[in-house]
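In what follows, a single structure is set out as structure tokens and then discussed.
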Amino acid sequence: MEEKNNEQPKKQVPQNTKPQGTNNNQNRPQGQRPNKPHGQQKKRRGPPKFSAKLGNQPWEVEIKESITANKLVHSRALQSYNKINTNTDAKIKITPLGGLGEIGGNFMVMETNTSAIIIDVGMSFPTEDMHGVDILIPDFSYIRKVQDKIDGIVITHGHEDHIGALAYFFKKFKFPIYATPLPLGMLSNKFDEHGLKKDKSFFRPVEKRKIYKIGEFEVEWMHVTHSIIDASSLAITTEAGTIIHTGDFKIDHTPIDGYPTDMHRFAHYGEKGVLCLLSDSTNSYREGITKSESSVGPTFDGIFKNAKGRVIMSTFSSNIHRVYQAIEHGIKHNRKICVIGRSMERNLDIAMELGYVKLDRRIFIDPNEVSKYSDKEILIVTTGSQGESMSALFRMATDEHRHIKIKPSDQIIISAKAIPGNEGSVSRVLNYLIKAGAQVAYQDFSEIHVSGHAAIEEQKLMIRLCKPKFFLPVHGEYNHIHKHKQTAVACGVNPKNILLMSDGDQVELSPKYMKKVGTVKTGKTYIDNQMNKQIDDDIVNDRQNLAEAGVVMIVAQIDKQSRKLISKPIVKTYGIVPDRRDKAFSKEMEDLLDQFLITAKPEMFEDKRGIENGIRQVLRKHIFRQKKKYPTIVPTIFLM
């Protein structure tokens with residue numbers, strides 16, 4: 001059979017038709033590129049060009065339609081707030097009365113024309129110049145104006161800066177308190193201490209993922225991770241639209257109890273359309289994400305393993321998961337557990353009673369039993385991570401605790417970061433502990449403490465899940481909320497739809513707009529937490545003045561007729577001159593009094609109060625000229 005020839009005929013190559021002499025490269029060396037005449041150099045080629053132009057073939061038309069449809073899908077997904085009903089005149093007024101321009105003291109009112117709810121009633125810490133003040137609670141003045149339409153108090157979680165002022169609030173106002181079990185358990189103890197046992201009838205326990213009708217508001221508690229168990233965000237639905245209030249949160253995918261932040265619910269509301277997002281700004285400067293609470297465990301394990309004596313761990317009393325991790329590692333290393341500090345004992349007991357943590361009570365010993373065991377068998381969990389002078393750790397450090405004295409073999413763990421304003425107190429207790437010879441693990445251990453607040457990437461995720469039309473950053477100083485605004489803008493929120501609030505600002509919100517409509521009175525009330533009583537403002541002011549400028553007390557007898565001193569006056573000073581100058585200063589004051597009496601008007605001697613005021617002014621002016629201070633002057637005058 002004849003084989004078929006599959007070879008193709010060779011293509012004829014045309015002869016070079018260039019005029020002779022035009023090729024200057026005939027004699028070029030082998031491998032050398034030909035030279036082009038000037039002006040005929042070949043341009044260097046870039047990447048090959050492909051045409052993306054689509055024609056009218058059926059499949060090409062379908063691609064065009066798919067591109068258009070996907071753009072629409074993206075736009076609708078990012079602007080799901082367009083689903084909000086704009087055919088309504090409903091509006092919400094939001095008034096923060098604490099928690100903005102500060103860390104702590106969270107307290108907010110949301111209201112319609114006929115209904116209102118309060119979100120959290122928290123306390124904050126005093127500054128160092130507020131002498132004798134233990135805590136600060138918000139000014140409740142605005143509540144008196146709207147109390148007739150308040151339908152309830154809504155609690156996000158059990159931290160003191162969210163519930164710490166409620167007992168004081170209930171001495172003036174009483175409304176139902178809606179919260180999950182742990183915050184209510186903590187409030188129960190507070191109410192007992194304040195003589196408010198009967199008022200626990202106002203407690204309303206709630207379930208997460210369940211909607212509660214409170215006046216004109218429908219509220220759902222959504223689980224979030226934080227540095228306390230049983231924390232929640234709020235989905236608040238009104239006729240005007242849905243408002244998400246995150247409370248304090250972070251997004252921990254490996255929490256100790258296995259319950260991560262319920263992102264599905266945020267996404268659910270984000271798809272339905274969120275009118276406004278109020279989000280935690282505390283860590284708005286922290287890059288990346290906040291580490292998981294479970295990351296502390298391995299650090300604890302290493303410290304416990306290497307400890308040669310007792311381990312004393314201090315943290316916030318409300319951080320039950322941190323306490324639980326320490327106890328777990330204490331058990332692992334065959335240590336008995338001693339919990340010291342009333343708030344620590346109380347909170348751990350509540351968490352165990354409510355089933356949030358499971359621990360065998362036989363592992364615990366009392367402080368007076370610590371000495372019965374060797375040091376390597378002891379773990380002490382205590383309060384005082386903020387350097388509080390009345391805390392158990394501070395008393396141990398200053399050798400004032402009844403049962404526990406710091407030893408050089410002790411390993412101290414301070415598993416907390418200083419709250420702004422408390423840095424000096426924390427430094428002071430650290431100095432005492434180190435002077436006692438103990439080993440102290442604090443900020444030099446990178447994972448001895450993790451924050452309970454969202455960092456920037458978590459804040460972005462919250463914004464992307466909720467996709468709000470309007471954004472109100474909350475919880476933090478002004479620089480924190482300003483930074484949070486920048487993050488929101490980067491995530492696509494219109495800058496015109498963001499307001500930066502301060503305490504007392506009133507923001508009106510509707511499906512069509514958000515604007516500031518007024519300002520109300522806010523402030524702080526000073527509290528002596530040992531007595532559970534308010535301290536009047538003028539008392540704190542007097543203490544500040546005494547600390548800054550000192551006091552001068554003068555007792556003098558004056559002859560009304562001769563208008564002279566009967567004897568040398570008694571002069572006592574504190575904070576004005578050193579002790580060695582007391583006599584010289586007394587003589588100086590006596591000379592001033594003599595001169596004043598000579599020039600004083602006769603009618604002054606008819607009124608004891610008038611002459612005391614005159615003496616007070618003369619001495620204050622004289623001391624200011626010398627010391628540039630206005631001390632407190634206390635004259636006691638006897639007219640004879």
Side-chain angles (χ1 to χ4, degrees), residues 104 106-107 118-123 135 137 152-171 174-210 212 214 219-234 247-249 255-259 262 293 315-327 337 339-361 364 381-383 452 529 532:
N106 299 287
F107 183 33
I118 295 170
I119 301 175
D120 294 333
V121 188
M123 50 74 70
I135 64 172
I137 64 173
I153 301 169
V154 174
I155 300 299
T156 59
H157 64 282
H159 270 150
E160 289 294 297
D161 60 331
H162 291 259
I163 65 169
L166 253 171
Y168 298 98
F169 181 90
F170 249 70
K171 292 174 182 178
K174 300 185 191 301
F175 308 109
I177 302 173
Y178 295 83
T180 50
L182 185 64
L184 288 180
M186 292 178 167
L187 282 171
S188 177
N189 280 327
K190 288 182 178 295
F191 277 36
D192 289 345
E193 288 180 3
H194 286 259
L196 300 171
K197 288 185 179 181
K198 293 181 179 178
D199 289 331
K200 289 192 281 188
S201 61
F202 285 92
F203 289 4
R204 304 286 187 271
V206 302
E207 300 174 30
K208 293 176 182 178
R209 282 196 167 205
K210 184 176 179 180
Y212 292 82
I214 307 173
V219 185
E220 177 184 344
W221 277 254
M222 302 180 292
H223 181 73
V224 291
T225 46
H226 185 40
S227 53
I228 189 172
I229 298 171
D230 211 12
S232 303
S233 292
L234 306 170
D248 289 351
F249 81 99
I256 300 302
D257 57 9
Y259 300 139
D262 193 352
E293 177 64 33
T315 189
F316 293 106
S317 63
S318 58
N319 197 340
I320 303 300
H321 279 157
R322 188 74 49 82
V323 173
Y324 179 69
Q325 285 192 89
I327 291 173
I337 315 301
V339 180
I340 302 178
R342 186 176 60 174
S343 61
M344 184 79 77
E345 295 172 32
R346 187 175 58 207
N347 290 342
L348 184 59
D349 189 61
I350 292 168
M352 291 172 64
E353 185 179 338
L354 297 177
Y356 288 102
V357 296
K358 291 181 171 59
L359 293 168
D360 188 341
R361 293 187 181 272
F364 296 100
V381 183
T382 185
T383 55
N529 214 24
N532 290 334

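Phe175 has its side chain out of reach of Phe170: every pair of non-hydrogen atoms, C-beta onward, lies at least 4.5 Å apart. A heavy-atom distance below 4.5 Å is not found between the side chains of Phe316 and Val323. Side chains of Thr156 and Ile119 form a contact here, defined as non-hydrogen atoms less than 4.5 Å apart. Using a 4.5 Å heavy-atom cutoff, the side chains of Glu220 and Lys210 are not in contact. Looking at Thr180 and Ser232, their side chains come closer than 4.5 Å, going by heavy atoms from C-beta outward. Counting only heavy atoms from C-beta outward, the side chains of Glu293 and Thr225 never approach each other to under 4.5 Å. You'll find the side chain of Val224 stays beyond 4.5 Å of the side chain of Asp262, heavy atoms only. In this structure the side chain of Ile340 never reaches within 4.5 angstrom of the side chain of Thr383, judged on heavy atoms.
Interatomic distance, Ser318 OG to Glu160 CD, rounded to the nearest 0.5 Å: 7.5 Å. We find the CZ-CG distance between Phe202 and Leu166 to be 12.5 Å, quoted to the nearest 0.5 Å. Of the inter-residue distances, the one linking Tyr356 atom OH with Leu182 atom CG reads 5.5 Å to the nearest 0.5 angstrom. Between Ile153 atom CD1 and Lys174 atom NZ the span is 10.0 Å, to the nearest 0.5 Å. With rounding to the nearest 0.5 angstrom, the OG atom of Ser317 is 10.5 Å from the CZ atom of Arg342. Atom CG of Asp248 is separated from atom CG of Asp120 by 8.0 Å, given to the nearest 0.5 angstrom.
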task = Just do the side-chain contact (heavy atoms from CB on, under 4.5 Å) check on His159 and Met123 with the steps written out, would you?
result = CA-CA 9 Å; His159 270 150; Met123 50 74 70; over 6 Å; no

key: Test log, rule side-chain contact (heavy atoms from CB on, under 4.5 Å), inputs Asp257 and His321   = CA-CA 8 Å; Asp257 57 9; His321 279 157; 3.4 Å; yes

task = Would you please test Tyr178 and Phe203 for ring-ring contact (aromatic ring centres under 6.0 Å, His included) and show each step?
result = CA-CA 6 Å; Tyr178 295 83; Phe203 289 4; over 10 Å; no

query = Is there a side-chain contact (heavy atoms from CB on, under 4.5 Å) between Val154 and Ile118 once you walk through the steps?
reply = CA-CA 6 Å; Val154 174; Ile118 295 170; over 6 Å; no

task = Give the intermediate values and the outcome of side-chain contact (heavy atoms from CB on, under 4.5 Å) for residues Val339 and Leu348.
result = CA-CA 9 Å; Val339 180; Leu348 184 59; 4.0 Å; yes

inquiry  = salt bridge (charged side-chain N to carboxylate O under 4.0 Å, His left out) for Asp349 and Arg361? Distances and angles first, verdict last.
reply    = CA-CA 10 Å; Asp349 189 61; Arg361 293 187 181 272; 3.2 Å; yes

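Taking every heavy atom of both residues into account, Ile155 and Ile177 meet most closely at CG1-CG2, 3.9 Å. When all heavy atoms of Gly158 and Met186 are compared, the closest pair comes out as O-SD, 3.4 Å. Of all heavy-atom pairs between His226 and Gly452, the closest is ND1-O, 2.6 Å. The two residues Thr382 and Met344 have their closest heavy-atom pair at O-CE, 3.1 Å. Leu184 approaches Ala179 most closely through the heavy-atom pair CD1-O, 3.5 Å. Considering every non-hydrogen atom in both Phe364 and Met352, the closest pair reads CE1-CE, 4.1 Å.
Within the 3.5 Å criterion, the main-chain N or O of His162 finds no donor-acceptor partner in the side chain of Asn106. Of the possible donor and acceptor atoms, none in the side chain of Trp221 sits under 3.5 Å from a partner among the backbone N and O of Tyr212.
The only option from His223, Lys208, His157 that meets the side-chain hydrogen bond (donor to acceptor under 3.5 Å, both in side chains) definition with Asp230 turns out to be Lys208. Partner of Tyr324 under the side chain to side chain contact (heavy atoms under 4.5 Å, CB included) criterion, chosen from Val381, Asn319, Val357: Val357.
Few gaps surround NZ on Lys200; more than 12 heavy atoms of other groups in view lie less than 6.0 Å from it.
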